[in-house]
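Here the structure is laid out as structure tokens; the discussion comes afterwards.
Order of appearance sets the numbers: ligands from 1, and atoms from 1 within every ligand. Quick note: numbers below take in every heavy atom, side chains included, and nothing from hydrogens, waters or symmetry partners.
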Amino acid sequence: MDILNMELMIENIVIYTLAILFCLLVVWLYLRKQKRDSRKVEDKILKAKQDGLYEPVSLHPVVDVNSCIQTGACITACPEKDILGIRNGKATTINASQCIGHGACFHACPTQAITLCIGTEKRGVDLPHVNEFFETNVPGIYIAGELGGMGLIKNAVEQGRQAVENIVKSGHKTHHATYDLIIVGSGPAGISASLTAKKNSLHCLTLEQDTLGGTVFTFPRSKIVMTSAMNLPLHGKVKLFETSKSELLDLWQSVLTKNNIQVKETCKVESIIPENGHFRVETLNGEKYTTRHVLLAIGRRGSPRKLGIPGENTEKVAYRLLEPENIRGKKIMVVGGGDSAVESALILASQNNVILTYRGEAFSRLKPKNSQRINDAAALRQLDLRLNTNLVAIGRDDVTLSSTNGVETVKIENDQVYIFAGGELPTQFLTKSGIQITTRYGEAVLKHK
Ligand SMILES: Cc1cc2nc3c(=O)[nH]c(=O)nc-3n(C[C@H](O)[C@H](O)[C@H](O)COP(=O)(O)OP(=O)(O)OC[C@H]3O[C@@H](n4cnc5c(N)ncnc54)[C@H](O)[C@@H]3O)c2cc1C
Ligand code: SF4
């Protein structure tokens, strides 16, 4: 071998070695990044578990790890934050309980590795029985919207319309009830149903325990609401894709007003009793109505439990915390010993004078993090924690607290009261009305063929 060939060979060895080293470096950097990202996702999963957000409560994506090729398309497509992440090269759920069932991940995955399921093996989801006309096993009672298992505004609007059209087709024009139809709930399903009833000249009444808009009304003001084009009865096509809570609420309110439809707000339906071929609908306010058909569009959030104390029906009392950033300088009483009460009290305490009253001797069912935070806040006097007490009366400018043994009673100045005393699940309401329910343990709602 002459010197020239020798030099060429050395040069080649150096080039190939550098190329191999470069490739190894790229692979090493890639693996390091993947490991770091996986660790971040693992930390998020740990936090989700501590916060009780890891286990899905309703609809959620299930990833087939054998088909997943780590494109991350599902994560990019999901409009909510940290529902999915990539761990060890495969997609996985993080805050699965926050999934609202858009199905964007399902459609985005190029290898069809995602199925949308309801419930899990451990945690079943109770769903009512409805036939293809949205009628339950109790003839005359129908169900539309999220209560039936499918989330999303667009689905609720569509089902509300279809359910009422089925009621119209079912006939039964002659009856002795006051109304043809009573709609319970005025979320997107109830609003769409009310418009369809008007369009078909049904004598209809819509009853709502809270405020028009249902779950949408409770969204934070800044939330971007993702939706698809939908047909709103008596209005036409709504081409909103990314919108805001206020834009949607304004639209619904204006369509209802234009068509002279009034929703009876703060009117909770307590029972639906079959009677002489129709139903008697009774409300918490003691009102009674008769109707030939009932449409339940009550969603899945349930109804807050009331304390049944004097003054509870006044405007200063609320059962959920909306837009706490706008509440400042108030004297506030928060009632309850669960996570909602504690989290709300902590949020409000940063800008207000807050008392948290709980009838128990100690908190027993809090997430560990909340338990720590509330004890710290009480120790630092950021809020006034009153254990072993009951709220017994609500006045215009004050509230009355009593010790649980009833020995001591004290009147305290007050501007606002928030009550978090648990609530009645929609399933309890359905069972009371005779509607059959089945628990679904991880059944696929949306899957690739
Ligand atoms: C945090 C969050 C974010 C979401 N983001 C989106 C999004 O971006 N896009 C989207 O499409 N969907 C979103 N959703 C889902 C969407 O809000 C729901 O799928 C939709 O509101 C369901 O409509 P509904 O009419 O079936 O029920 P709801 O909107 O829940 O309305 C039910 C109504 O019935 C009332 N009611 C209940 N019981 C009674 C009773 N006994 N008597 C009288 N009234 C009663 C309730 O007060 C409520 O007003 C989100 C949900 C959540 C929780
Ligand atoms: S279904 Fe929707 S909210 Fe749930 S993970 Fe998929 S894209 Fe996100």
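- In this structure, Ser228 falls outside the shell of residues with a heavy atom less than 4.0 angstrom from ligand 1.
- You'll find the side chain of Gln351 stays beyond 4.5 Å of the side chain of Ile327, heavy atoms only.
- Of the listed residues (Gly187, Pro188, Ala156), the one carrying the non-hydrogen atom nearest atom 21 (O) of ligand 1 is Pro188.
- Of all protein heavy atoms, the one closest to atom 1 (S) of ligand 2 is Gly103 N, 3.1 Å.
- Of the polar atoms of Val225, none of the N or O atoms is found under 3.5 Å from an N or O of ligand 1, judged by distance alone.
- Close N/O approach between Lys154 and ligand 1 is not found [any backbone or side-chain N/O within under 3.5 Å].
- In this structure, atom 7 (S) of ligand 2 lies nearest to the protein heavy atom Cys105 N, 3.3 Å.
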**Item:** Evaluation steps, side chain to side chain donor-acceptor pair (under 3.5 Å), between Thr111 and Ser67
**Value:** CA-CA 6 Å; Thr111 60; Ser67 310; 5.6 Å; no

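- Taken to the nearest 0.5 Å, the CD atom of Gln162 stands 7.0 Å off from the CG atom of Asn166.
- Between Ile182 and Phe279, the closest side-chain pair of non-hydrogen atoms is not below 4.5 Å.
- Residue contacts with ligand 1 for Thr215 involve both N, CA, C or O and side-chain atoms from C-beta outward (heavy atoms, distance under 4.0 Å).
- For ligand 2 and Ile83, the ligand atoms under 4.0 Å from any heavy atom of the residue are 5 (S).
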**Item:** Steps toward ring pair (Phe, Tyr, Trp, His ring centres under 6.0 Å) verdict (Tyr179, His293)
**Value:** CA-CA 8 Å; Tyr179 290 97; His293 301 98; over 10 Å; no

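- The protein atom (non-hydrogen) at minimum distance from atom 4 (Fe) of ligand 2 is Cys99 SG, 2.4 Å.
- Near Ile100, meaning under 4.0 Å from any of its heavy atoms, are these atoms of ligand 2: 3 (S).
- The shortest N or O to N or O distance between Thr227 and ligand 1 is not below 3.5 Å.
- Looking at Ile191 against ligand 1, nothing comes within 4.0 Å, counting heavy atoms.
- Of the protein's heavy atoms, Cys78 SG, 2.2 Å lies nearest to atom 8 (Fe) of ligand 2.
- Remark: Lys245 is not positioned above the aromatic ring of Phe219, lacking an NZ or CZ atom under 6.0 angstrom from the ring centre and at most 45 degrees off the axis.
- Using a 4.5 Å cut-off on side-chain heavy atoms (C-beta onward), Ile374 and Leu346 make contact.
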**Item:** ring pair (Phe, Tyr, Trp, His ring centres under 6.0 Å) between Tyr418 and Tyr319, worked out
**Value:** CA-CA 6 Å; Tyr418 288 93; Tyr319 299 86; 9.5 Å; no

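- Near Ala297, the atoms of ligand 1 lying under 4.0 angstrom from a non-hydrogen atom of the residue are 32 (C), 33 (C), 34 (O).
- Under a 4.0 Å N-O distance rule, the pair Lys264/Glu287 qualifies as a salt bridge.
- From Leu234, atom CG reaches atom OG1 of Thr196 across 7.5 Å, with rounding to the nearest 0.5 Å.
- The distance criterion of under 3.5 Å between nitrogen or oxygen atoms is met by Ala189 with respect to ligand 1.
- Contacts with ligand 1 closer than 4.0 Å are made by side-chain heavy atoms of Ile100 only, the backbone lying farther away.
- In Pro426, neither the side chain nor the backbone holds a heavy atom less than 4.0 Å from any atom of ligand 1.
- Neither the backbone nor the side chain of Phe217 has any atom closer than 4.0 Å to an atom of ligand 1 (non-hydrogen atoms only).
- Looking at Asp397, its side chain never comes within 3.5 Å of a backbone N or O of Asp415 through a donor-acceptor pair.
- Counting heavy atoms from C-beta on, the side chains of Leu152 and Glu146 never come closer than 4.5 Å.
- Under 4.0 angstrom from ligand 1, the non-hydrogen atoms of Ser303 all belong to its side chain.
- The ligand atoms of ligand 2 that sit less than 4.0 angstrom from a heavy atom of Leu116 are 1 (S).
- No donor-acceptor pair under 3.5 Å is formed between the side chain of Glu282 and the backbone N or O of Ser271.
- Here's the thing with Ile153: one of its N/O atoms is less than 3.5 angstrom from an N/O atom of ligand 1.
- The nearest non-hydrogen atom to atom 33 (C) of ligand 1, considering only Lys245, Glu146, Glu208, Gln98, comes from Glu208.
- Neither the backbone nor the side chain of Ile114 comes within contact range of ligand 2; no heavy atom lies under 4.0 Å.
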